[in-house]
Amino acid sequence: MAEVQVQEKGGKGGKVRSKKHNARVDMTPMVDLGFLLITFFMFTTTFSKPNIMDMKLPAKPDKNQQVKDPEIDLSNAITFLLGKDNKMYYHQLDQNGLTDPGKLAETTLDSEDIAKVIATAKSRAKRPDIFTVIIKPTDDSTYENFVDILDEMAITKTDHYGIGEVKPWEKTVYDQKVGNK
């Protein structure tokens, strides 16, 4: 470590003064202590754990067991297509029923509108106990709209909902509806 050396001024006579020693503090042990403390706190701190949502998958069937494709009654489900300009489109139809853009209803992402649409669709369902909301973001939608609709699922206490990809036949009708030809 570097030191500053002060030279004494020699006088010709007079009083003899005692030498003043400069106070010098060696900071090397303090730096060592600092690094030890940093290391200690790094090892003892619990790092934040990522929040992970559990995904429940169905059990795999036995190899000998034949599995029938389930018949899905779309009256027990509603499909939301997230579009551009903070608009959302919805339907309760399958590929054969959704051929006309007029059958693709439009609404905003307003909380009251979404709750009203879900309540109406649930009341039309044959089995409201298994009513499911299917959310399908299009390429035109924003991440903010996607998060908003997921928040609405919690607000409206919709327990059964899923996220899917837009099917080609839905994309065709959506493009016709918004004019993206």
Side-chain angles (χ1 to χ4, degrees), residues 41-42 44-181:
F41 287 121
M42 282 177 60
T44 58
T45 303
T46 56
F47 296 106
S48 63
K49 295 177 182 172
N51 295 331
I52 299 172
M53 184 171 37
D54 289 333
M55 190 164 115
K56 296 180 178 155
L57 298 174
K60 289 184 179 179
D62 294 334
K63 292 181 180 178
N64 300 334
Q65 180 183 4
Q66 285 187 334
V67 178
K68 291 189 261 179
D69 289 334
E71 291 183 25
I72 298 173
D73 186 2
L74 289 178
S75 71
N76 294 326
I78 186 169
T79 302
F80 288 128
L81 298 174
L82 301 176
K84 64 180 177 180
D85 299 330
N86 296 327
K87 299 222 182 201
M88 184 174 62
Y89 303 90
Y90 61 94
H91 67 86
Q92 281 185 288
L93 304 169
D94 61 358
Q95 180 175 1
N96 299 327
L98 186 64
T99 55
D100 179 27
K103 293 181 180 179
L104 190 62
E106 178 181 338
T107 186
T108 61
L109 283 164
D110 184 42
S111 181
E112 294 171 6
D113 291 345
I114 294 171
K116 202 179 295 181
V117 168
I118 290 174
T120 305
K122 195 170 191 175
S123 67
R124 285 188 298 212
K126 291 178 184 173
R127 292 190 51 203
D129 58 319
I130 62 167
F131 179 75
T132 305
V133 176
I134 303 167
I135 303 166
K136 297 181 177 184
T138 64
D139 293 338
D140 299 333
S141 66
T142 62
Y143 185 73
E144 178 183 4
N145 292 344
F146 182 70
V147 171
D148 289 345
I149 192 70
L150 289 178
D151 288 342
E152 285 302 317
M153 295 301 107
I155 291 169
T156 58
K157 295 182 172 84
T158 304
D159 296 330
H160 302 283
Y161 63 91
I163 302 159
E165 294 180 6
V166 180
K167 303 287 184 203
W169 53 273
E170 287 174 318
K171 177 77 171 138
T172 303
V173 175
Y174 167 77
D175 287 342
Q176 292 171 358
K177 180 80 171 183
V178 296
N180 289 345
K181 295 179 182 178

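This chain uses plain numbering: 1 for the first residue, then up along the sequence.
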Least distance between heavy atoms, Tyr89 atom then Leu104 atom: CB-CG, 3.7 Å
For the student: nearest non-hydrogen atoms of Asn145 and Gly83, plus distance: ND2-O, 4.2 Å
Interatomic distance, Leu81 atom CG to Ile134 atom CD1 [nearest 0.5 angstrom]: 10.0 Å
Closest non-hydrogen atom pair between Pro137 and Gly164, with its separation: CD-O, 3.8 Å
Pairwise distance OG1(Thr142) to CG(Asp85) - rounded to 0.5 angstrom: 10.0 Å
Expected output: side-chain Lys122 to main-chain Phe131 donor-acceptor under 3.5 Å: no
Gap between atom CG of Asp110 and atom NZ of Lys116 - 0.5 Å precision: 8.5 Å
Test item: Met153 and Ile118 side chains (from C-beta on) under 4.5 Å apart, heavy atoms: yes
Side chain Asn76, main chain Ile130, donor-acceptor under 3.5 Å: no
Min side-chain heavy-atom separation Ile135-Leu82 under 4.5 Å: yes
4.5 Å side-chain heavy-atom contact, Ile163 and Leu150: yes
Test side-chain contact (heavy atoms from CB on, under 4.5 Å) applied to Tyr174 and Thr138, step by step: CA-CA 9 Å; Tyr174 167 77; Thr138 64; 3.7 Å; yes
Exam field: side chain Glu165 to backbone Lys136, donor-acceptor pair closer than 3.5 Å: no
Candidates Val117, Ile114, Val147 - the one meeting side chain to side chain contact (heavy atoms under 4.5 Å, CB included) with Glu152: Ile114
Atom CG of Asp129: over 12 foreign heavy atoms under 6.0 Å: yes
Reported CD-to-OG1 distance for the pair Gln92 and Thr120, which is rounded to 0.5 angstrom: 9.5 Å
